[in-house]
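The block underneath contains the structure these notes are about, expressed in structure tokens.
Protein chains get the first letters and strands the later ones, always in sequence-line order, with residue 1 at the start of each. In this text, all values refer to a predicted model and were calculated from it rather than measured experimentally.
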Amino acid sequence: MRNLGRRMGDDLARLEDQIYAFNDGVKFNINSGDQLSDLLFNKLQLPTAGLERTKTGRYSLTAGVLENLEAKTDSPAIQLILRYRQLTKLKSTYVDALPELVNPATGRVHTSYSQLGAATGRLSSNDPNLQNIPTRTDEGREIRRGFVANPGCMFVAADYSQVELRVLAHITQDPNLVQAFREDQDIHAATAAQLFSVPIDQVTKNQRRIAKTTVFGVIYGISAFGLAARTDLSRSEAQQLIDALFARFPGLRDYIDSTLEEGRREGYVRSLFGRRRYMPDLRVSGPRRQAAEREAINAPIQSTAADIMKIAMIRVDEALRERKLKTRMLLQVHDELIFEAPEDEVDTIVGLVCEQMEGAYQFKDVPLKVDLEVGPNWEEMRDITTH
DNA sequence: AGTGCAGGCCAC
DNA sequence: AAACGTGGCCTGCACT
């Protein structure tokens with residue numbers, strides 16, 4: 001961790017110099033939106049046409065905006081700024097902060113979980129948040145190397161495969177989705193095959209990517225506007241895709257309609273297990289209602305997955321106690337549990353955890369599936385095949 | 001020095 | 001960008 005911090009610090013110093021060169025060598029605060037805006041649009045004279053503004057009227061300069069600007073202008077400063085942003089984020093939020101939070105008595109960081117942290121029944125984690133440790137980039141993943149199992153122990157990670165989409169398949173009873181999961185197909189490829197009317201083995205990577213974005217869009221209360229903004233599709237192409245999705249998976253439309261209807265009528269929506277989320281704004285009008293509708297569509301799905309995970313955690317805990325195992329449940333990351341197991345318990349734990357998680361709730365139609373990984377630290381985890 | 005908001009970005 | 005859901009934490013900045 002300390003080495004990683006030094007390396008990042010050195011990289012940042014070099015980056016700062018390169019960025020200041022675009023400002024006539026004059027130093028400024030690169031993470032200040034106003035000062036960055038000054039460099040891009042006054043000093044470098046980049047075009048501001050069509051740029052979105054934040055609610056305070058400034059130009060929005062998120063990574064997505066900067067990437068578009070880079071594609072449009074070829075300005076060499078932008079890549080440097082994006083890199084600077086990425087490194088300062090990782091360094092300040094994780095590399096510098098986490099070691100400060102190590103408890104001297106245990107030599108470990110200890111998060112706090114909030115049972116009521118999320119409106120959907122999910123846990124939230126804070127001080128430090130251990131549910132958002134980077135995994136997307138190689139550099140971010142390096143931070144996970146700092147989480148090391150005790151001598152003689154291994155980490156075992158168990159994550160529910162596509163749990164929210166399985167919940168969606170069950171709730172909607174959509175025959176196409178249900179069948180895809182029963183046959184344990186690549187769900188996004190299967191969806192793409194339906195959407196684009198091609199055999200599943202002829203689905204292109206791009207088709208799969210678009211199908212994935214679209215299906216997740218449904219869970220989040222999609223709009224053509226939103227889908228277009230997150231893909232390279234035009235607004236009308238996005239709308240066509242959404243129409244195709246609802247045509248191919250008719251259960252989706254029924255789910256959305258009946259959920260919103262119940263929400264308006266009762267004032268709340270429910271998970272499969274009856275967990276309520278009160279949604280008074282379904283009865284107002286305007287953007288607040290639209291936001292409430294997206295929340296209402298998402299809540300039963302996310303809540304049901306959260307409920308299943310909580311049931312699983314109780315089952316696993318009971319099974320560990322019953323068998324007087326030394327393995328400890330360390331972390332929960334929404335659809336994933338991380339354990340620390342003595343090496344001689346690993347084989348036992350893998351089977352036990354898989355059984356308790358997959359059996360946490362038996363849908364009549366869609367199986368739950370758990371993927372398992374084992375490793376000496378949180379970065380070097382390798383897959384374990386169970387079945 | 002402490003507080004709170006804005007903007008941004010990490011995870012699922 | 002965000003009219004795609006759920007969170008928490010960082011820096012910058014204005015304010016008390």
Side-chain angles (χ1 to χ4, degrees), chain A residues 28-37 48 50-69 81-82 84-98 100-101 111-114 116-137 139-141 143-144 159-160 162-165 168 213-231 235 238 242 269 277 279 286-303 305-306 309 331-336:
Chain A
F28 68 102
N29 193 326
I30 303 164
N31 279 332
S32 159
D34 283 344
Q35 294 177 46
L36 181 60
S37 202
T48 56
L51 288 190
E52 303 285 338
R53 291 179 187 268
T54 66
K55 58 180 160 189
T56 55
R58 294 172 173 83
Y59 288 117
S60 177
L61 294 174
T62 63
V65 172
L66 291 182
E67 279 162 20
N68 282 356
L69 208 55
I81 292 159
L82 285 167
Y84 179 84
R85 283 248 184 98
Q86 179 191 33
L87 275 183
T88 52
K89 173 76 177 183
L90 293 176
K91 186 167 186 292
S92 67
T93 306
Y94 304 102
V95 178
D96 292 345
L98 285 172
E100 295 297 315
L101 293 168
T111 186
S112 298
Y113 284 106
S114 172
L116 302 173
T120 53
R122 275 190 178 183
L123 302 183
S124 69
S125 158
N126 67 277
D127 196 30
N129 181 358
L130 294 185
Q131 291 181 320
N132 72 341
I133 302 303
T135 186
R136 210 178 71 255
T137 64
E139 206 154 26
R141 283 193 69 84
I143 290 161
R144 295 192 167 215
D159 76 287
Y160 278 119
Q162 306 288 2
V163 62
E164 291 196 349
L165 291 183
L168 180 71
T213 307
T214 310
V215 168
F216 273 107
V218 171
I219 293 183
Y220 299 147
I222 198 170
S223 70
F225 181 94
L227 183 59
R230 286 166 181 73
T231 58
R235 185 83 181 270
I242 293 170
V269 295
R277 179 172 180 185
M279 308 246 59
R288 259 175 63 199
R289 169 170 168 162
Q290 291 183 315
E293 288 183 344
R294 291 192 297 276
E295 292 163 7
I297 292 165
N298 173 265
I301 303 165
Q302 192 179 120
S303 291
M309 176 55 98
L331 295 175
Q332 188 253 44
V333 191
H334 309 305
D335 63 359
E336 178 181 22

*Could you check A:T231 against A:G226 and say which one's nearest nucleotide on DNA chain C is further toward the 5' end?*
A:T231

Mind checking [X] for me? I need base, sugar-phosphate or nothing, with any heavy atom below 4.0 Å counting as a touch.
X      : value
A:I133 : sugar-phosphate
A:A299 : nothing
A:I301 : nothing

_Using side-chain heavy atoms (C-beta onward) and a distance below 4.5 Å, is A:M309 in contact with A:Y160?_
yes

*Heavy-atom side-chain proximity of A:Q86 to A:E139 below 4.5 angstrom*: yes

*chain A contact limits on DNA chain B, taken 5' to 3' with a cut-off of 4.0 angstrom to heavy atoms*: B:dA6 to B:dC12

[X] [atom1] to [N] [atom2], straight-line distance once rounded to whole Å:
X      : N     : atom1 : atom2 : result
A:M279 : C:dG5 : CE    : P     : 11 Å
A:Q290 : C:dA3 : CD    : P     : 10 Å
A:L51  : C:dA2 : CG    : P     : 11 Å

Which residues satisfy the ring pair (Phe, Tyr, Trp, His ring centres under 6.0 Å) test with [X], sequence neighbours excluded?
X     : answer
A:F28 : A:Y20
A:Y84 : none
A:Y59 : A:F41

*Letter per nucleotide, 5' to 3', of nucleotides 6-16 of chain C [B base touched, S only sugar-phosphate touched, - untouched; heavy atoms, 4.0 Å]*: BBBSSSSS---

_Using atom P in both nucleotides, what's the gap between C:dA2 and B:dA6 to the nearest angstrom?_
14 Å

*Within a reach of under 6.0 Å around CZ of A:R53, are more than 12 heavy atoms found that belong to other residues, nucleotides or ligands?*
yes

*Salt bridge flag under 4.0 Å for residues A:E164 and A:R122*: yes

*Hey, could you give me the CG/OG1 distance between A:L69 and A:T48, rounded to the nearest 0.5 Å?*
9.5 Å

*Tell me, please, which residues at least two apart from A:K91 pass salt bridge (charged side-chain N to carboxylate O under 4.0 Å, His left out).*
A:D96

